[in-house]
Asker: 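Here it is: the structure, laid out below.
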Amino acid sequence: MGPHPAVAAIRLAVRRVLHDVLTEHQTDTETTSPPAPAPLVLVACSGGADSMALASALAFESRKLAVRAGGITVDHGLQDGSAQRAAEVAGRMSALGLDPVEAVAVTVGREGGPEAAARDARYAALDEAAERRGATAVLLGHTRDDQAETVLLGLARGSGIRSLSGMAAVSGAAGRYRRPFLELDRQTVRKACVAQELAVWDDPHNADPAYTRSRLRHEGLPALEKALGKGVVEALARTAQLSRDDADALDSWAADAESAVRDEAGRLECAKLFGLPPAVRRRILRRAMIAEGAPAGSLFARHIEEVDRLITGWRGQGAINLPGRVEARRQGGRLVIRQG
């Protein structure tokens, strides 16, 4: 008798990702002498159902492949007893057969709000651990439901199709982060935990209405499903993929068009920019702002729209101040973006 269908589903999802990692590793090390060791894949585990299911699937599948499998849990220090809980999660990963396993404590700042600050601290810790351990990939337990929530949050921000494209299956430096469960719903993943009798911990922050994503999960999405039917999560996840494809195409178009709208000295020509579709032109402007030192995370749609008006609504207005002490101004038919 085979495994429970939910267990089979999570293992298949992880197996596909591990095969990708192995293929990339073999390509990168074909000329290495002596042969490189088996790649190390880490799972980021909070102890919740999604990440514990991911840890169990990684432990199971890695035994059948030339992959070393380890785990890391991040202690955000935001709740009493968090250090003890992180140690328990590390112990559970070790019991699954993962090695190396470690718990890392971080200090969460305040920039961008509590959710963003915790996320920034967590990814910084994961990056550091991956670098220190020489890990090829870090697996994250985001599900299709998480993707749907991310799309709705992007929609609420009104920040364009890149925001609506949600989370990528592969992201980070050199494709470090992998999300095997993006096409699986949360219910399937939780059923896999029950079937394997995995001990899981439900973070009270996930049910705390003070957090935007928690309100969306417990109030927003259920209300949408009641009004529109049970296919909302699947539809939003599909929207994410379609938006990602469109955003990738427009980014590629902008990268190709950029050289054609610059003069011999490399300055942006307003007349040529004016002739481009707005979606392409604004991408070129954003790339130029970032290249001059504007922090990508601080550039919002309103900044880009203001600079865009120097091209499409020119009435002699002055310089536009941008994050990172960068300014944009129109001079002699050229758009000049530079750090002040």
Side-chain angles (χ1 to χ4, degrees), residues 24 111-112 116 120 123 127 147 150-177 236 238-340:
E24 294 161 14
E111 189 173 349
D120 290 346
Y123 277 100
D127 279 335
Q147 185 75 300
T150 302
V151 172
L152 283 175
L153 289 170
L155 186 64
R157 284 194 297 268
S159 49
I161 62 169
R162 179 55 73 188
S163 187
L164 294 185
S165 65
M167 296 174 284
V170 180
S171 65
R176 168 176 290 156
Y177 293 108
L236 288 168
R238 189 162 58 250
T239 295
Q241 186 56 59
L242 293 172
S243 297
R244 182 168 299 281
D245 292 343
D246 289 351
D248 287 346
L250 288 167
D251 285 348
S252 178
W253 187 352
D256 291 342
E258 187 166 353
S259 60
V261 296
R262 291 185 182 272
D263 61 17
E264 296 82 357
R267 297 173 298 180
L268 291 165
E269 297 188 65
C270 294
K272 291 181 178 178
L273 282 166
F274 185 84
L276 290 173
V280 177
R281 180 175 63 245
R282 288 171 182 168
R283 278 168 166 76
I284 291 174
L285 297 180
R286 185 174 187 276
R287 286 164 59 97
M289 296 173 203
I290 293 170
E292 290 300 322
S298 301
L299 274 179
F300 301 121
R302 60 183 173 83
H303 296 126
I304 297 165
E305 287 166 6
E306 285 184 51
V307 176
D308 195 39
R309 280 195 287 273
L310 295 177
I311 298 161
T312 62
W314 175 242
R315 298 182 306 278
Q317 57 263 49
I320 306 295
N321 293 318
L322 301 166
R325 295 184 296 107
V326 173
E327 69 170 29
R329 67 172 66 243
R330 181 165 173 155
Q331 291 180 335
R334 304 290 189 272
L335 183 68
V336 180
I337 301 173
R338 63 187 170 209
Q339 201 161 42

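Just so we're clear, the structure is a prediction, and the values are computed from it rather than from any experiment. In what follows, residues are counted from 1 in the order of the sequence shown.
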Asker: Tell me, do R162 and D248 make a side-chain contact under 4.5 Å, heavy atoms counted?
Answerer: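 Side chain of R162 against side chain of D248, heavy atoms only: contact under 4.5 Å found.
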
Asker: Would you name the heavy atoms of Y177 and D127 that are closest together and state the gap between them?
Answerer: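 Y177 and D127 have their closest heavy atoms at OH-OD1, 2.8 Å.
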
Asker: Is there a side-chain contact between L236 and L155 (heavy atoms, below 4.5 Å)?
Answerer: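 No; the side chains remain at least 4.5 Å from each other.
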
Asker: If you measure from CZ on R309 to CD1 on I320, what distance do you get to the nearest 0.5 Å?
Answerer: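 Output value for this atom pair is 7.5 Å.
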
Asker: What are the two closest non-hydrogen atoms of L299 and P323, and how far apart are they?
Answerer: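 Distance-wise, the nearest heavy atoms are CD2-CD, 4.0 Å.
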
Asker: To the nearest 0.5 Å, what is the distance between CZ on R281 and CD1 on I304?
Answerer: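 It comes to 12.0 Å.
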
Asker: Salt bridge or not between K272 and D263? Use side-chain N to carboxylate O under 4.0 Å.
Answerer: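 Salt bridge: no.
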
Asker: Rounded at 0.5 Å granularity, tell me how far CZ in R334 sits from CG in L273.
Answerer: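 It is 10.5 Å, given to the nearest 0.5 Å.
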
Asker: With a 3.5 Å distance limit and no angle check, can you tell me whether Q147 reaches the backbone of M167 through a side-chain donor-acceptor pair?
Answerer: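 Confirmed, Q147 side chain pairs with M167 backbone.
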
Asker: Which value, rounded to the nearest 0.5 Å, describes the distance between R302 atom CZ and E306 atom CD?
Answerer: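 Atom-to-atom, R302:CZ and E306:CD are 7.0 Å apart.
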
Asker: Determine the minimum heavy-atom distance between G318 and L310, stating which atoms define it.
Answerer: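 Closest approach of G318 to L310, heavy atoms only: O-CD2, 4.0 Å.
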
Asker: What's the separation between atom CD in E269 and atom CZ in R267, rounded to the nearest 0.5 Å?
Answerer: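 Atom-to-atom, E269:CD and R267:CZ are 8.5 Å apart.
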
Asker: If you look at every heavy atom in C270 and L335, which pair is closest and at what distance?
Answerer: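 Looks like SG-N, 3.7 Å.
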
Asker: Can you name the nearest heavy-atom pair linking L164 to G154, along with the distance?
Answerer: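 So the two residues come closest at CD2-C, 3.9 Å.
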
Asker: Of the non-hydrogen atoms in A296 and I290, which two are nearest, and what is the gap between them?
Answerer: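 A296 and I290 have their closest heavy atoms at CB-CD1, 3.8 Å.
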
Asker: Compare all side-chain heavy atoms of H303 with those of V307 and state whether any distance is below 4.5 angstrom.
Answerer: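 No, every pair of side-chain atoms sits at 4.5 Å or beyond.
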
Asker: State whether the side chain of R244 and the backbone N or O of S165 hold a donor-acceptor pair below 3.5 Å, judged by distance alone.
Answerer: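 Side chain of R244 to backbone of S165: a pair is present.
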
Asker: Could you tell me the separation between the CG atom of L268 and the CZ atom of R262, rounded to the nearest 0.5 Å?
Answerer: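 The CZ atom of R262 is 4.0 Å from CG of L268, to the nearest 0.5 Å.
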
Asker: Is a side-chain donor or acceptor of R282 paired with a backbone partner of E305 at a separation under 3.5 angstrom?
Answerer: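 Pair absent, no side-chain N/O of R282 close to backbone of E305.
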
